[in-house]
There are 2 protein chains.
Amino acid sequence: MSRASERAYSAIRAHLLSGSVAAGEQLTEDQLAQITGVSRTPVREAVRRLEDELLLVRSDTKRLFVADWSRDDIEEMFVLRQMLECHAAERAAKRLSREQIATLEALNSELTAAVEQSPPDVVRFLEANRAFHEAIIDAAHSPRLGQMLAKLVEAPVVLRTARTYSQSDLRQSARDHDELVAAFAARDGDWARAVMGSHLRRAFHTFAKTVGPRADDAANDQDSTEA
Amino acid sequence: MSRASERAYSAIRAHLLSGSVAAGEQLTEDQLAQITGVSRTPVREAVRRLEDELLLVRSDTKRLFVADWSRDDIEEMFVLRQMLECHAAERAAKRLSREQIATLEALNSELTAAVEQSPPDVVRFLEANRAFHEAIIDAAHSPRLGQMLAKLVEAPVVLRTARTYSQSDLRQSARDHDELVAAFAARDGDWARAVMGSHLRRAFHTFAKTVGPRADDAANDQDSTEA
DNA sequence: CGGGAAGGTTTTGTATACAATAACCAGCGC
DNA sequence: GCGCTGGTTATTGTATACAAAACCTTCCCG
């Protein structure tokens, strides 16, 4: 993407993630143009991208709002992410080179180091974690898969502000990654898939615990709950 | 989407699907603006959408080309579609109302009628088929899933011009749909998933047979082949 | 007091002019 | 002839002005 357009995109995104703007709030293209310092044309491109990533939504009448995700939305995204990323892990197990596996190992050492600091360095953890997962997705060599996952992985990141990471959660993540590396080294796609599955599903539950008490436990009469 | 923008989108799309433009050919926004009769601004929006749907691609230097999909691209899309649509079928099995199941039955009668004409009415078949699958996806109540699938389902449609549908293939599709309806009526998600899986995987193979002889059967040394 | 139309204001959509960048081509030195 | 360099054209990117649509307020009439 081109300069102004790209600038608008990251500026708006940063603005949204900074938490200085409430979910559900209306935005106008003019506002965003002022904030970002470019004209409305590139802002509109950036906005379309952010709509696609579901950070922004439009009302039926084309007005622009900050998305606010329900717990069900979050769960839906986790379910889809799990499905796709398990597939990615399985494919990656067949495709990763020795060097790439070594890289994953290094990334996870970095991640582990971040976790074992006291207090744990969450930012460093998140960055290493992102890189680790991204490397796996890349190795799956499935461009559309990568494209889809890119969108879904946004979700938890967006709401991470509210999240408090316990050290034991972080440690478990590091262990999962270790096991994933082992599965890759063994070229065992089924193993990799299984580990990725539990890794992500647990992530969902720890995430859901903080983001909001689950909507309803028994008695799901409604429409769009539960898988 | 707004009027001009929407018009541009469908005009360009139709233009691409008409086959009057070769894969890999360069297009310019000006050309498209002339063809569609609107200015470049809405054309650019339409183009972005078509890029997202992978019907158009941009070179590293932002020039615009008609996408040409390799056999691997097609297979990748079928694999992803299968993964997602099996999930949709499973969810739908738990969520479809009696009326919705009846609707599916009706749609499949329509489809069967189209198949049993002689010669079979392929256009009518495709339309009923599309409606059938769409109804299932809708019933899954997973908006992002629907959004993703919408893109993937484009793929075969685009290349259908070259396709010759044999009546036996069409009949098998109709039978699959019948079994799917039975699985839904029994509220058996596993069954529905399994039927959808074989349905789509077979579709891939019959599709692949016509679109091009498979790249390589044994000896997949290359990079991005085979699942 | 309520409903609903009229008009003004805000916001999004489109056209167009211009700027920036990439592709092309010709001429020159070697 | 080959490759580079300069300028020329083609193409995409951005700003801005205007058009269309939606929203909101107010006021009028029942």
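The sequence lines fix the lettering, A, B, ..., with proteins before strands; numbering per chain opens at 1.
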5' precedence on DNA chain D between Arg63(A) and Arg63(B) (nearest-nucleotide basis):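 Its nucleotide being nearer the 5' end, the pick is Arg63(B).
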Comparing Ser59(A) and Ser2(A) on DNA chain D - which has the more 5′ nearest nucleotide: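 On the 5' side of the pair lies Ser2(A).
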Note: Arg202(A)-Asp169(A) ion pair, threshold 4.0 Å (strictly below):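 Salt bridge absent between Arg202(A) and Asp169(A).
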NZ/NE/NH1/NH2 to OD/OE distance under 4.0 Å, Glu6(B) and Arg49(B):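 Yes.
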Partner set under side-chain contact (heavy atoms from CB on, under 4.5 Å) for Ala131(B), not counting sequence neighbours: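 Ala131(B): side-chain contact (heavy atoms from CB on, under 4.5 Å) contacts with Leu107(B).
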Any residue meeting side-chain contact (heavy atoms from CB on, under 4.5 Å) with Val122(A), in chain and number order, not counting sequence neighbours: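 For Val122(A), the residues satisfying side-chain contact (heavy atoms from CB on, under 4.5 Å) (neighbours in sequence not counted) are Leu126(A), Tyr165(A).
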[X]: which residues meet the side-chain hydrogen bond (donor to acceptor under 3.5 Å, both in side chains) condition with it, sequence neighbours left out?
X: Asp30(A); result: none
X: Ser97(A); result: Glu99(A), Gln100(A)
X: Arg63(A); result: none

Nearest whole Å is fine: how far is [N] [atom2] from [X] [atom1]?
X: Leu64(A); N: dA22(D); atom1: CG; atom2: P; result: 16 Å
X: Glu6(B); N: dT12(C); atom1: CD; atom2: C1'; result: 16 Å
X: Arg49(B); N: dG13(C); atom1: CZ; atom2: P; result: 13 Å
X: Arg7(B); N: dG13(C); atom1: CZ; atom2: C1'; result: 14 Å
X: Lys62(B); N: dT12(D); atom1: NZ; atom2: P; result: 12 Å
X: Gln34(A); N: dA15(D); atom1: CD; atom2: P; result: 13 Å
X: Glu29(B); N: dG13(D); atom1: CD; atom2: C1'; result: 8 Å
X: Arg40(A); N: dT16(D); atom1: CZ; atom2: P; result: 12 Å

Touch class at under 4.0 angstrom, heavy-atom based, for Leu27(B) against every strand present: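 Leu27(B): backbone/sugar contact only, no base atoms under 4.0 Å.
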Degree of bending in the helix from dC1(C)-dG30(D) to dC30(C)-dG1(D) once both end axes are built from five pairs, to 10°: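 For the helix from dC1(C)-dG30(D) to dC30(C)-dG1(D), the axes at either end differ by 10°.
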Donor-acceptor pair (no angle test) under 3.5 Å: Thr41(A) side chain, dA15(D) base: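 Yes.
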Choose from [options] the nucleotide whose nearest atom is closest to any side-chain atom of [X].
X: Arg44(A); options: dT12(D), dT12(C), dT14(D); answer: dT12(C)
X: Val38(B); options: dT12(C), dA15(C), dT14(D); answer: dA15(C)
X: Ser39(A); options: dG13(D), dA15(D), dT12(C); answer: dA15(D)
X: Thr28(B); options: dT14(C), dT11(D), dA15(D); answer: dT11(D)

Residue closer to the 5' end of DNA chain C, Arg3(A) versus Pro42(B) (nearest nucleotide):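 The answer here is Pro42(B).
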